[in-house]
There are 2 protein chains.
Amino acid sequence: MDINGAVSAFGALSQKTRLDVFRLLIAAGPEGMSAGDIGETLGVRQNTMSANLSVLLQAGLVRNTREGRTVRYFADLGGTSALLTFLMSDCCGGHPELCSQVIESITCRKS
Amino acid sequence: MDINGAVSAFGALSQKTRLDVFRLLIAAGPEGMSAGDIGETLGVRQNTMSANLSVLLQAGLVRNTREGRTVRYFADLGGTSALLTFLMSDCCGGHPELCSQVIESITCRKS
DNA sequence: TCGATAAATCAAGATATCATGAATTATGGA
DNA sequence: TCCATAATTCATGATATCTTGATTTATCGA
């Protein structure tokens with residue numbers, strides 16, 4: 001991850017529909033969701049959703065695979081890790097204990 | 001943190017200068033940096049830097065305190081935690097072990 | 001009080017982003 | 001092959017964002 005990739009990833013997350021999509025896919029886990037279901041769930045038109053999914057794909061935050069006529073989308077945890085690593089690199093001025101709160105805050109919790 | 005706050009925070013990070021500033025302040029740790037030093041370090045004009053710092057402040061990603069004629073800025077780890085918690089909430093579809101890679105990726109490292 | 005330094009604010013022009021209607025591509029079933 | 005469904009692509013007008021010059025506010029030292 002370089003600065004340009006990070007800027008485009010944060011740009012992808014800086015729009016309500018796309019942030020909703022990413023969080024929906026994070027919650028959906030390994031099963032992912034089809035493009036159509038995502039649009040229906042969030043009440044967004046088909047072509048608008050397609051454009052927004054494309055931005056998330058380009059940013060490396062989601063992946064997709066075609067299944068017949070539908071396309072299934074997933075959160076890309078590798079891309080997400082790379083982004084957060086870039087954001088927090090060399091953190092806390094040599095006092096790593098200071099950002100333990102950040103690490104603990106994203107510890108996974110069930111529903 | 002709600003969806004609007006998260007959108008504005010990611011929007012704040014979706015611009016090269018502001019992302020540079022945030023990462024500089026993350027690396028600077030508790031000592032922070034003055035607005036002037038930040039601008040000089042990054043080669044950004046005074047009023048442009050002030051406008052960008054204001055966006056980061058508004059988004060809750062940095063804090064500041066005045067020290068005489070200078071204003072010192074710090075990364076706001078509380079705001080950062082809130083943002084990442086919101087991003088990753090209810091993650092991985094009930095399989096929390098799947099996003100351990102994300103957590104490990106931001107484990108603090110020295111320089 | 002006066003001049004100099006540090007930073008914030010304001011208005012405006014340039015650039016980028018966004019949602020939408022229309023058209024196109026891809027796939028499956030009859 | 002033909003039709004219907006799922007999704008993407010494209011052009012465009014509306015909106016938002018960004019940088020900049022000019023100005024203003026805040027603070028310090030003389």
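As the structure is a prediction and not an experimental result, all values here were calculated from the model.
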_N or O in side chain of B:N47 less than 4.0 angstrom from D:dT23 OP1/OP2_ =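 For D:dT23, OP1/OP2 do not have a side-chain N/O of B:N47 under 4.0 Å.
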*Does a nitrogen or oxygen in the side chain of B:R69 sit under 4.0 Å from OP1 or OP2 of D:dC28?*
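Indeed not, no polar side-chain atom of B:R69 lies that close.
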Under 4.5 Å between any side-chain heavy atoms of [X] and [Y], yes or no?
X	Y	result
A:S8	A:V55	no
B:F74	B:L25	no
B:Y73	B:V21	no
B:N64	B:L53	no
B:L98	A:P30	yes

*Per the end-axis method with five pairs at each terminus, what is the bend angle of the helix from C:dT1-D:dA30 to C:dA30-D:dT1, to 10°?*
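For the helix from C:dT1-D:dA30 to C:dA30-D:dT1, the axes at either end differ by 30°.
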*Which sits closer to the 5' end of DNA chain C, B:A51 or A:R45, going by the nucleotide each is nearest to?*
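The 5'-side residue here is B:A51.
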*Where along residues 9-43 of chain B does a heavy atom come under 4.0 Å from DNA chain D, residue by residue in number order?*
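Hits under 4.0 Å, by residue number: B:Q15, B:R18.
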Atom [atom1] of [X] and atom [atom2] of [N]: how far apart are they, to the nearest Å?
X	N	atom1	atom2	value
B:M49	D:dC18	CE	C1'	13 Å
B:R66	D:dT25	CZ	C1'	8 Å
B:Q46	D:dA26	CD	P	15 Å
A:Y73	D:dA6	OH	P	15 Å

*Can you see which heavy atom on A:S81 is nearest to which on B:S105, and at what distance?*
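Smallest interatomic distance, heavy atoms only, reads O-OG, 3.5 Å.
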*Which heavy atom of B:L77 sits nearest a heavy atom of A:V102, and at what distance?*
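Of all heavy-atom pairs spanning B:L77 and A:V102, the closest is O-CG2, 3.9 Å.
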*asked:* Working note: B:I38 + B:L24, criterion side-chain contact (heavy atoms from CB on, under 4.5 Å); need CA distance, chi angles, decisive distance, verdict.
replied: CA-CA 8 Å; B:I38 295 170; B:L24 195 57; 4.3 Å; yes
*asked:* Just to be sure I understand the rule, does A:T70 reach a base, reach only the sugar-phosphate, or reach nothing, if contact means heavy atoms closer than 4.0 Å?
replied: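 Touches sugar-phosphate only.
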*Joint cluster assignment, A:L56 & B:L87, ILVMFWY side-chain distance < 4.5 Å*: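 In one cluster: yes.
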*Can you check side-chain contact (heavy atoms from CB on, under 4.5 Å) on B:Q15 and B:R18, steps first, answer last?*
CA-CA 6 Å; B:Q15 200 268 358; B:R18 291 193 298 260; 3.3 Å; yes
_Leading and trailing nucleotides of DNA chain C with any atom under 4.0 Å from heavy atoms of chain A_ =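 Answer, 5' to 3': C:dC18 to C:dG28.
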*asked:* For B:L61 and B:D76: C-alpha separation, side-chain torsions, deciding distance, then whether side-chain contact (heavy atoms from CB on, under 4.5 Å) applies.
replied: CA-CA 5 Å; B:L61 293 168; B:D76 187 327; 5.7 Å; no
